[in-house]
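Please read these numbers as outputs of a predicted model, since none were measured by experiment.
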Amino acid sequence: MSYATLNPPPEIPPRTHYNVPKLLILGLVFHFVYIGTVFDCYFTSPVVHGMQSHSVGHAEAKRLVLIVGDGLRADLLFKEDAFPTVPDAPKVVAPYLKSIAETRGAFGISHTRVPTESRPGHVAVIGTRFSFSQARLCLRFELQVGSKVDFDSVFNQSRHTFSFGSPDILPMFSRGATPGKVKTWCYNEEDEDFTKDATFLDIWVLDRLKELFQNATSNATLDTQLRSDKVVFFLHLLGLDTTGHSYRPHSREYMNNIQVVDSIVRQTESLINEFYDDQDTSFIFTADHGMSVIGNHGDGDPDNTRTPLIAWGRGIRGPLPDSVPSSHDSYSKPWALGHLFRRDVEQADLAALMASLIGIDWPVNLVGVLPDVDPTRPGYLSPELGEESLAQTAFVNAKVILEQYTTKHELKKAHALFYKPFVALEGSDATEPHRFADLATIERLIQAKDWRAARLASAKLIRTSLDGLHYLQTYDRVLIRGIVIFAYIGWAAYTSLYIFRPLDFAETQESSGRVFVHVMAAITLIGFWILFALQRAPFTFYVYIAFPCYFWHQFLLQAIVGLRVSPHVSHWKLLFGACMTLAAVQAMVVGYTHRFIWSIGFVLTGVVWPVSWPSQILKQNFFLAVVWGLVCLSAAVFPVLPVEKQESLPAILLGGCMILVCGVFSARWVLNEAERVKGKQSRQALTALFIIQVTLIVAIMIITASSVRSLQAKQGLPLPNQVLGWIVLEHTLQVLSSVLAFASRGSYHTAFSKFLAYFLGFGPCFVILSISVEGLFYVAYSFVLATGNERAKVYLFQPDDLRTALFFLFFVQVGFFGTGKLLVGDWTVNYILLYHISVIVVVHWDMRNWRASPR
């Protein structure tokens with residue numbers, strides 16, 4: 001007796017009102033459209049226009065030199081013995097920069113925000129900071145695709161800016177600036193070669209600066225521009241980022257690149273002093289982001305968010321003794337700078353510092369806070385006018401940020417229906433807004449020469465204004481989140497109709513409540529459309545609201561007609577199954593940030609679940625249950641391995657060998673079965689297919705091994721390897737996997753021959769794209785799926801068995817993240833949970849139909 005006979009499935013009428021293609025197409029369109037809700041909710045651009053410019057009115061320096069070491073970590077610059085694994089490494093890698101911090105400058109850590117990428121990092125340093133990470137992501141996306149993003153910057157407010165560096169960074173600031181104000185010198189994109197010595201890029205920047213000053217000796221116009229006030233020099237040194245990606249930050253190559261950067265800073269200061277022969281230049285050295293131990297950046301890893309900051313020259317204070325309590329922590333104690341005060345800043349605070357140094361109008365989109373606004377801690381400035389200048393500068397900082405809030409407030413007030421203003425700045429009654437009173441208070445304190453109180457009041461107004469900006473930027477989130485929640489729950493409810501099929505069991509299609517459902521759905525849809533029209537909402541909002549209205553309209557319309565639960569189903573069992581399903585789904589969500597959850601899932605699936613099989617089934621298939629448990633336990637190892645893996649050629653080749661061994665041994669059994677079931681012609685066709693796939697795996701292993709050794713020897717990637725690698729990879733992916741494995745004649749295939757074709761077809765991809773044990777995971781994961789296919793033959797799933805959908809969802813997630821990780825923020829968790837629930841319902845429906853279909 002099979003297990004299926006113990007729980008016979010309910011009868012399903014032969015004729016149905018439910019169209020399968022309609023559900024699939026509707027689901028595809030729904031999920032595609034609702035990708036846009038993520039951007040409308042979290043990635044809307046914070047840049048607004050129409051603000052008034054503000055300036056302190058005087059300058060501390062005539063010119064500013066900004067040097068950015070792209071991808072430089074703070075600890076590897078300051079720390080003594082920062083490269084213990086490099087033989088003969090110097091105790092101090094950057095002696096010139098460190099001597100500046102010790103003897104004549106101010107230093108600290110510039111804390112970046114996610115995403116820790118070059119474009120948003122430079123925008124934060126030079127133009128504006130977005131007060132939350134999602135807005136930076138929005139800007140990153142727009143800049144990545146080449147969109148023109150109009151935002152103000154220090155460069156645009158300067159009299160002249162001379163910039164040198166990468167073509168990926170410099171055009172962002174020249175494109176939207178006043179024509180002719182921001183001059184750029186960029187090397188070719190082809191020069192950014194990750195297989196070559198990247199210090200060439202940094203030396204190129206220094207050479208162009210030397211040429212600029214040399215040309216000024218024979219060009220009167222250029223000489224006049226260089227000698228005017230409010231001039232900015234920007235040196236973008238990309239070499240560290242390129243070297244870190246290629247060789248990782250603890251390598252000798254990265255150390256050598258830091259030494260090159262240190263030398264460039266020394267030579268740049270010498271060139272400036274020699275050309276101008278004065279002391280009217282301010283210098284700032286920093287980085288746009290750091291770099292993780294495996295040479296990556298982009299996420300919120302502390303190694304990515306902590307970048308160095310050293311400022312010196314005109315208008316900048318010298319080193320100060322450390323404070324009590326100490327400004328240092330365990331991170332900076334190895335720097336041997338514990339006797340000096342460390343002043344940390346947010347990355348965008350640098351734009352405020354630069355604007356105050358050269359006396360330009362502050363960028364109107366700037367929301368950074370000048371470190372000297374806070375009178376309780378030393379900042380970076382040493383102004384000629386002393387405390388008065390600091391109070392005036394703090395007041396300008398407050399007005400710039402408040403101006404942005406006011407502009408956004410007026411825009412939202414004009415368009416939003418039932419608008420609720422930000423109480424802290426607008427007040428709760430109809431009296432004059434509080435922000436006017438706050439500005440007047442600061443002005444009175446400045447007139448009374450109470451500089452400290454004026455700075456404290458300015459700091460308070462800045463904090464409140466930033467809170468107001470965040471309030472306005474996120475004003476519509478509640479509405480969008482509500483629409484998304486009701487839409488995904490409605491989708492789950494709608495797909496549940498294909499499980500219960502109320503119209504197929506209903507005795508009549510008429511009901512007294514149908515008119516009410518029609519009217520309420522129409523009122524809801526039209527009401528929201530009117531609301532969106534009054535608020536001038538994006539057109540996408542009109543589409544978003546249509547989906548939940550349709551889903552709930554259909555669900556309620558059919559539920560009141562014939563929705564019922566089969567009398568054979570226990571309500572307690574149904575409730576228990578629902579609770580366990582929600583627990584499993586929530587565990588998968590947690591698995592994105594706590595990877596051991598996936599390993600627990602393998603243990604539960606491979607060891608615990610077979611114990612629940614009926615004793616008769618378990619006894620008859622004990623060997624299969626043991627194999628199933630072993631392969632699940634082997635796959636459970638990989639999610640708990642470190643995500644940040646070191647490159648290992650032996651592990652890569654071992655993975656390739658395991659793919660070959662498993663494929664060859666499986667092919668012998670598969671070919672015998674194909675000949676027995678399909679005939680000799682099938683065996684011959686499959687043999688040719690498998691030989692081609694095995695040959696390509698061997699070829700890609702040879703190419704990969706040669707490429708890795710060549711790169712490790714710093715010889716670059718040989719041209720034959722590049723050509724062969726792309727040919728094999730493209731051929732494997734597009735021909736074998738997409739054409740041969742998917743489009744080969746079905747008459748030749750058995751179930752396992754098809755599976756083996758997929759396994760071998762994607763094998764080369766796992767070899768050439770792996771850096772460590774990914775190929776071994778691919779083998780273990782494939783064995784789990786193959787064994788699971790045999791297991792399904794002895795344990796027949798039932799239509800009401802939610803484990804079907806849970807298994808499907810679990811294996812899909814593990815396939816993606818078994819050896820990697822997902823960057824999960826607060827915005828993704830809600831969508832992941834709702835997506836999981838909807839997938840479970842769809843797969844549950846799909847298995848019900850599969851079980852009911854004739855075979």
Side-chain angles (χ1 to χ4, degrees), residues 38-39 42-48 66 68-74 109-156 163 165-177 182 192 234 236-238 240-242 244-245 284 286-292 296-309 345-354 363-369 404 466 469-470 473-474 823 825-828:
V38 177
F39 294 92
Y42 297 99
F43 298 155
T44 54
S45 176
V47 177
V48 292
L66 172 63
V68 175
D70 199 310
L72 177 59
R73 290 169 45 155
I109 296 176
S110 173
H111 295 275
T112 71
R113 297 198 176 198
V114 177
T116 48
E117 298 282 3
S118 293
R119 289 179 176 87
H122 280 88
V123 171
V125 170
I126 299 167
T128 176
R129 179 191 74 184
F130 300 146
S131 55
F132 35 92
S133 300
Q134 290 86 354
R136 287 169 59 101
L137 280 167
C138 172
L139 177 78
R140 176 196 177 192
F141 173 77
E142 292 176 329
L143 294 174
Q144 194 77 34
V145 300
S147 300
K148 181 178 179 180
V149 184
D150 292 324
F151 55 87
D152 203 3
S153 70
V154 172
F155 294 174
N156 187 49
S163 58
S166 169
D168 297 328
I169 301 300
L170 270 55
M172 291 192 304
F173 302 99
S174 62
R175 188 167 50 211
V182 180
E192 298 178 9
F234 172 45
H236 175 232
L237 308 179
L238 182 64
L240 283 165
D241 184 73
T242 305
H245 287 314
I284 292 179
T286 187
D288 53 348
H289 57 76
M291 187 162 290
S292 69
N296 291 337
H297 57 83
D299 60 7
D301 187 298
D303 287 334
N304 293 333
T305 61
R306 293 184 291 211
T307 62
L309 171 61
V345 301
E346 293 289 330
Q347 190 176 56
D349 299 345
L350 299 181
L353 177 61
M354 291 187 289
V364 294
N365 300 118
L366 184 145
V367 289
V369 182
Q404 295 179 73
L466 289 175
L469 282 173
H470 186 269
Q473 183 68 22
T474 60
L823 303 181
D826 59 341
W827 63 272
T828 56

Is [Y] close to [X] at the side-chain level, that is, under 4.5 Å between some pair of heavy atoms?
{"X": "V68", "Y": "L237", "answer": "no"}
{"X": "Q404", "Y": "V364", "answer": "no"}
{"X": "M291", "Y": "D241", "answer": "yes"}
{"X": "R119", "Y": "D168", "answer": "yes"}
{"X": "L170", "Y": "F234", "answer": "yes"}
{"X": "Q347", "Y": "D349", "answer": "no"}
{"X": "I126", "Y": "M172", "answer": "no"}
{"X": "P308", "Y": "I109", "answer": "no"}

- Message: Between V182 and R175, is the side chain to side chain contact (heavy atoms under 4.5 Å, CB included) condition met? List the steps.
- Response: CA-CA 9 Å; V182 180; R175 188 167 50 211; over 6 Å; no
Whether the side chain of [X] engages the backbone of [Y] through a donor-acceptor N/O pair (distance < 3.5 Å, no angle test) should be reported.
{"X": "S292", "Y": "N296", "result": "yes"}
{"X": "T307", "Y": "T286", "result": "no"}
{"X": "R73", "Y": "G290", "result": "no"}
{"X": "E346", "Y": "T112", "result": "no"}

Which residues pass the side-chain hydrogen bond (donor to acceptor under 3.5 Å, both in side chains) test with [X], sequence neighbours left out?
{"X": "S166", "value": "E192"}
{"X": "H111", "value": "D344"}
{"X": "S118", "value": "D70, D288, H289"}
{"X": "N304", "value": "D299"}

Could you pull out the closest heavy-atom pair between [X] and [Y], with the gap in Å?
{"X": "I169", "Y": "H236", "value": "CG1-CE1, 3.6 Å"}
{"X": "S153", "Y": "P363", "value": "C-CG, 3.6 Å"}
{"X": "A124", "Y": "A351", "value": "O-CB, 4.3 Å"}

- Message: side chain to side chain contact (heavy atoms under 4.5 Å, CB included) for L309 and V345? Distances and angles first, verdict last.
- Response: CA-CA 9 Å; L309 171 61; V345 301; 3.6 Å; yes
- Take V367 and L469 through the side chain to side chain contact (heavy atoms under 4.5 Å, CB included) test and state the conclusion after the steps. CA-CA 9 Å; V367 289; L469 282 173; 3.6 Å; yes
- Task: Measure the CG-CG distance between L66 and L350 for me, rounded to the nearest 0.5 Å.
- Result: 8.0 Å
- Between R113 and T305, is a side chain to side chain contact (heavy atoms under 4.5 Å, CB included) present by the stated rule, with each step listed? CA-CA 6 Å; R113 297 198 176 198; T305 61; over 6 Å; no
